[in-house]
Amino acid sequence: MKYIFGNWKSNKNLNGALEWLKDFGKVNSDNEIVLLPAFNLLGAIYEKAREAGFVLGVQDLSSMAAGSYTGAVSAVNLEGMEVKYAILGHSERRHHFGETDQDVANKVERALEAGLVPVVCVDEEYIFSQAAALEQSQLSKCMVAYEPLSAIGTGEEMSVKKVEVVFAQIKKVFGEVKVIYGGSVNPDNVDEYLLVGDGVLVGTASLDAKEFSALSK
Ligand code: PGA
């Protein structure tokens with residue numbers, strides 16, 4: 001079984017999300033199709049999404065437990081919505097919000113405490129530093145997404161050869177974890193990436209239901 005993540009990022013309002021679900025219809029795949037809506041949409045659509053056969057995830061998670069942390073979304077806030085995955089340390093979080101390897105490590109800890117599967121995003125340069133910020137015992141509990149900056153949202157996907165090399169590096173450092181690739185994945189190139197890894201993380205091509213359906217085979 002492969003894992004296909006659709007990351008809507010901060011796109012879509014409630015109507016747009018509901019339309020998308022209608023257009024997509026039922027999940028018809030042996031793979032796990034994971035939807036990552038914005039936090040507010042998650043609450044509004046999780047039942048419909050689950051009924052359609054999607055698994056749910058979040059795009060981030062507070063590094064704090066529940067408490068007086070205005071604006072943050074903790075693992076407790078997600079309870080009752082059958083969330084399985086938390087994408088952590090996406091390059092957009094690191095770049096626009098200043099997240100460090102240590103911040104991501106704190107989030108991994110919160111995710112694991114809450115029984116969520118952390119999907120740690122890395123580019124080549126910080127595979128080692130990110131792993132070093134994690135406890136040894138946490139490494140094998142993560143899924144790792146190779147997300148080369150040059151390929152995210154650019155239409156310039158990384159070559160499969162290179163992805164294979166980086167997957168091997170990740171496994172050297174993290175152990176036998178599941179590895180997925182993200183960066184300009186679309187219905188035409190998805191098969192190549194599924195052949196060499198455990199799945200894909202899709203941004204732009206997940207925004208259109210028909211396009212995401214075409215690659216969620
Ligand atoms: P993209 O985004 O598919 O638009 O390149 C991928 C990602 O940010 O994970």
Side-chain angles (χ1 to χ4, degrees), residues 2-10 34 36 57-64 72-75 84-114 116-185 189-190 192-194 196-206:
K2 305 287 179 177
Y3 302 83
I4 299 175
F5 291 80
N7 179 6
W8 287 353
K9 307 190 178 180
S10 63
V34 186
L36 308 164
V58 287
Q59 304 168 16
D60 183 30
L61 185 69
S62 174
S63 57
M64 306 292 200
V73 177
S74 73
K84 181 168 175 188
Y85 297 96
I87 300 283
L88 300 175
H90 188 285
S91 63
E92 288 154 13
R93 298 293 317 166
R94 295 177 192 261
H95 178 66
H96 297 293
F97 301 93
E99 276 185 18
T100 63
D101 290 334
Q102 188 54 53
D103 293 328
V104 177
N106 295 340
K107 292 175 181 209
V108 167
E109 200 173 335
R110 296 290 89 74
L112 289 172
E113 277 166 9
L116 299 169
V117 179
V119 182
V120 177
C121 300
V122 293
D123 198 352
E124 228 181 329
E125 311 89 74
Y126 48 87
I127 295 172
F128 294 97
S129 61
Q130 182 58 77
L134 294 165
E135 304 277 340
Q136 192 65 30
S137 63
Q138 295 172 332
L139 296 176
S140 62
K141 297 178 182 143
C142 296
M143 262 171 101
V144 181
Y146 169 41
E147 293 251 315
L149 259 187
S150 64
I152 297 178
T154 59
E156 314 232 329
E157 73 267 29
M158 189 54 77
S159 76
V160 177
K161 265 210 167 92
K162 171 76 184 198
V163 171
E164 269 190 292
V165 169
V166 177
F167 279 171
Q169 283 173 4
I170 290 171
K171 289 188 182 202
K172 248 197 191 147
V173 177
F174 280 76
E176 265 312 304
V177 292
K178 295 212 161 62
V179 283
I180 66 174
Y181 166 75
S184 299
V185 174
N189 63 24
V190 63
E192 309 173 53
Y193 296 110
L194 293 181
V196 299
D198 297 297
V200 287
L201 177 49
V202 184
T204 310
S206 74

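Just so you know, residue 1 is the first one in the sequence shown, and it goes up from there.
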Does the side chain of [Y] come within less than 4.5 Å of [X]'s, by heavy atoms?
{"X": "V73", "Y": "S62", "answer": "no"}
{"X": "L116", "Y": "L61", "answer": "yes"}
{"X": "V163", "Y": "Y146", "answer": "yes"}
{"X": "L201", "Y": "Y181", "answer": "no"}
{"X": "E157", "Y": "V185", "answer": "no"}

Minimum heavy-atom separation for [X] and [Y], please, with both atom names.
{"X": "I180", "Y": "V200", "result": "CB-N, 3.9 Å"}
{"X": "A133", "Y": "A105", "result": "O-CB, 3.3 Å"}
{"X": "Y126", "Y": "S91", "result": "OH-CB, 4.2 Å"}
{"X": "L134", "Y": "C142", "result": "CD1-SG, 4.4 Å"}
{"X": "L88", "Y": "P118", "result": "CD1-CB, 3.9 Å"}

query = For K171, which of V166, V144, V179 qualifies under side-chain contact (heavy atoms from CB on, under 4.5 Å)?
reply =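 Single side-chain contact (heavy atoms from CB on, under 4.5 Å) partner of K171 among V166, V144, V179: V179.
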
inquiry  = Testing the 3.5 Å rule here: is there a donor-acceptor pair between the side chains of E147 and H90?
reply    =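 Yes - a donor-acceptor pair under 3.5 Å links their side chains.
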
query = Any side-chain donor-acceptor pair under 3.5 Å between D103 and S63?
reply =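 No, because no side-chain N or O of D103 sits under 3.5 Å from a partner of the opposite role on S63.
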
message = One pair to check against salt bridge (charged side-chain N to carboxylate O under 4.0 Å, His left out): R94 and D123. What are the steps and the verdict?
response = CA-CA 11 Å; R94 295 177 192 261; D123 198 352; over 6 Å; no

Is atom [atom1] of [X] surrounded by more than 12 heavy atoms (other residues, nucleotides or ligands) closer than 6.0 Å?
{"X": "E113", "atom1": "CD", "value": "yes"}
{"X": "Q102", "atom1": "CD", "value": "yes"}
{"X": "K172", "atom1": "NZ", "value": "no"}

message = F5: which residues meet the ring-ring contact (aromatic ring centres under 6.0 Å, His included) condition with it, sequence neighbours left out?
response =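 Applying ring-ring contact (aromatic ring centres under 6.0 Å, His included) to F5 gives Y85.
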
[atom1] of [X] to [atom2] of [Y]: how many Å apart, nearest 0.5 Å?
{"X": "L36", "Y": "Q59", "atom1": "CG", "atom2": "CD", "value": "6.0 Å"}
{"X": "Q130", "Y": "D101", "atom1": "CD", "atom2": "CG", "value": "4.5 Å"}
{"X": "I152", "Y": "S184", "atom1": "CD1", "atom2": "OG", "value": "8.5 Å"}
{"X": "E164", "Y": "M158", "atom1": "CD", "atom2": "CE", "value": "13.5 Å"}
{"X": "S150", "Y": "E156", "atom1": "OG", "atom2": "CD", "value": "7.5 Å"}
{"X": "F174", "Y": "S140", "atom1": "CZ", "atom2": "OG", "value": "10.5 Å"}

message = Check whether K2 reaches the backbone of L194 with its side chain - one donor and one acceptor, N or O, closer than 3.5 Å.
response =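 Yes, K2 side chain to L194 backbone: donor-acceptor pair under 3.5 Å.
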
Test log, rule side chain to side chain contact (heavy atoms under 4.5 Å, CB included), inputs K9 and E92 = CA-CA 10 Å; K9 307 190 178 180; E92 288 154 13; 2.9 Å; yes

message = Between K162 and E124, does any NZ, NE, NH1 or NH2 come within less than 4.0 Å of an OD or OE carboxylate oxygen?
response =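 Yes, charged N to carboxylate O under 4.0 Å.
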
query = Can you name the residues that form a salt bridge (Lys or Arg N to Asp or Glu O under 4.0 Å) with R93, not counting sequence neighbours?
reply =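 Listed in chain order: D60, E99.
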
